[in-house]
Amino acid sequence: YSNAGSFDILYYPNSSATGISVVSTSVGPDSPDGTECYTEKVLLSDTLSVSNSAFFRVRAYSKGTVRGDSKTFTVTK
């Protein structure tokens, strides 16, 4: 998203859960111009909830409505 500011990556065990940040600092450039994609790697803590419908949400800090969700995936212990 162009000029959305920096981003957070949140883990959701399901669509009704509250997201948990999985990064210690913001990710991506402070002022993206919207012309490039960026890849981030995250390591899930073993304390996160197991789930059959987990997903990640990437959300802009400055504009909460600027966000995108991953496809759902399964998390096991």
Side-chain angles (χ1 to χ4, degrees):
Y1 291 98
S2 180
N3 300 315
S6 55
F7 294 86
D8 190 11
I9 301 174
L10 303 159
Y11 167 79
Y12 287 81
N14 58 61
S15 60
S16 62
T18 300
I20 299 167
S21 181
V22 293
V23 293
S24 58
T25 61
S26 63
V27 297
D30 288 334
S31 298
D33 63 10
T35 62
E36 295 183 49
C37 292
Y38 300 91
T39 301
E40 293 292 331
K41 291 184 180 184
V42 297
L43 180 63
L44 296 180
S45 166
D46 61 0
T47 61
L48 293 178
S49 303
V50 297
S51 174
N52 290 325
S53 58
F55 65 95
F56 289 112
R57 174 171 288 160
V58 177
R59 182 183 67 198
Y61 281 111
S62 62
K63 298 178 183 176
T65 58
V66 175
R67 64 185 194 197
D69 294 346
S70 71
K71 292 185 178 184
T72 59
F73 54 91
T74 300
V75 176
T76 60
K77 289 274 180 184

Visitor: Between Thr47 and Ser45, is the side-chain hydrogen bond (donor to acceptor under 3.5 Å, both in side chains) condition met? List the steps.
Guide: CA-CA 5 Å; Thr47 61; Ser45 166; 2.8 Å; yes
Visitor: Looking only at heavy atoms, what is the nearest atom pair of Tyr11 and Ser51, with distance?
Guide: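 Residues Tyr11 and Ser51, closest heavy atoms: OH-CB, 4.1 Å.
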Visitor: Quick one, Val22 and Leu44 - any side-chain contact, counting heavy atoms below 4.5 Å?
Guide: yes
Visitor: Return yes if a side-chain donor-acceptor contact under 3.5 Å exists between Asn14 and Ser53, otherwise no.
Guide: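 Their side chains do not contain a donor-acceptor pair, so the 3.5 Å distance test is not met.
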Visitor: Measure the shortest side-chain to side-chain distance between Arg59 and Leu10 over non-hydrogen atoms and say whether it is less than 4.5 angstrom.
Guide: yes
Visitor: Is it possible for you to say whether Val75 and Phe55 belong to one hydrophobic cluster, with membership spreading through side-chain heavy-atom contacts below 4.5 Å?
Guide: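 No, Val75 does not connect to Phe55 through the hydrophobic network.
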Visitor: Can you check whether Val27 reaches Asp8 side chain to side chain, under 4.5 Å on heavy atoms?
Guide: no
Visitor: In the structure I gave you, are the side-chain heavy atoms of Arg67 and Val58 within less than 4.5 Å of one another anywhere?
Guide: no
Visitor: Taking the six-membered ring for Trp and the full ring for Phe, Tyr or His, determine whether the centres of Phe56 and Phe73 are under 6.0 Å apart.
Guide: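 When the ring centroids of Phe56 and Phe73 are compared, they turn out to be within the sub-6.0 Å range.
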Visitor: Drop me the distance from Tyr12's OH to Arg57's CZ, to the nearest 0.5 angstrom.
Guide: 4.0 Å
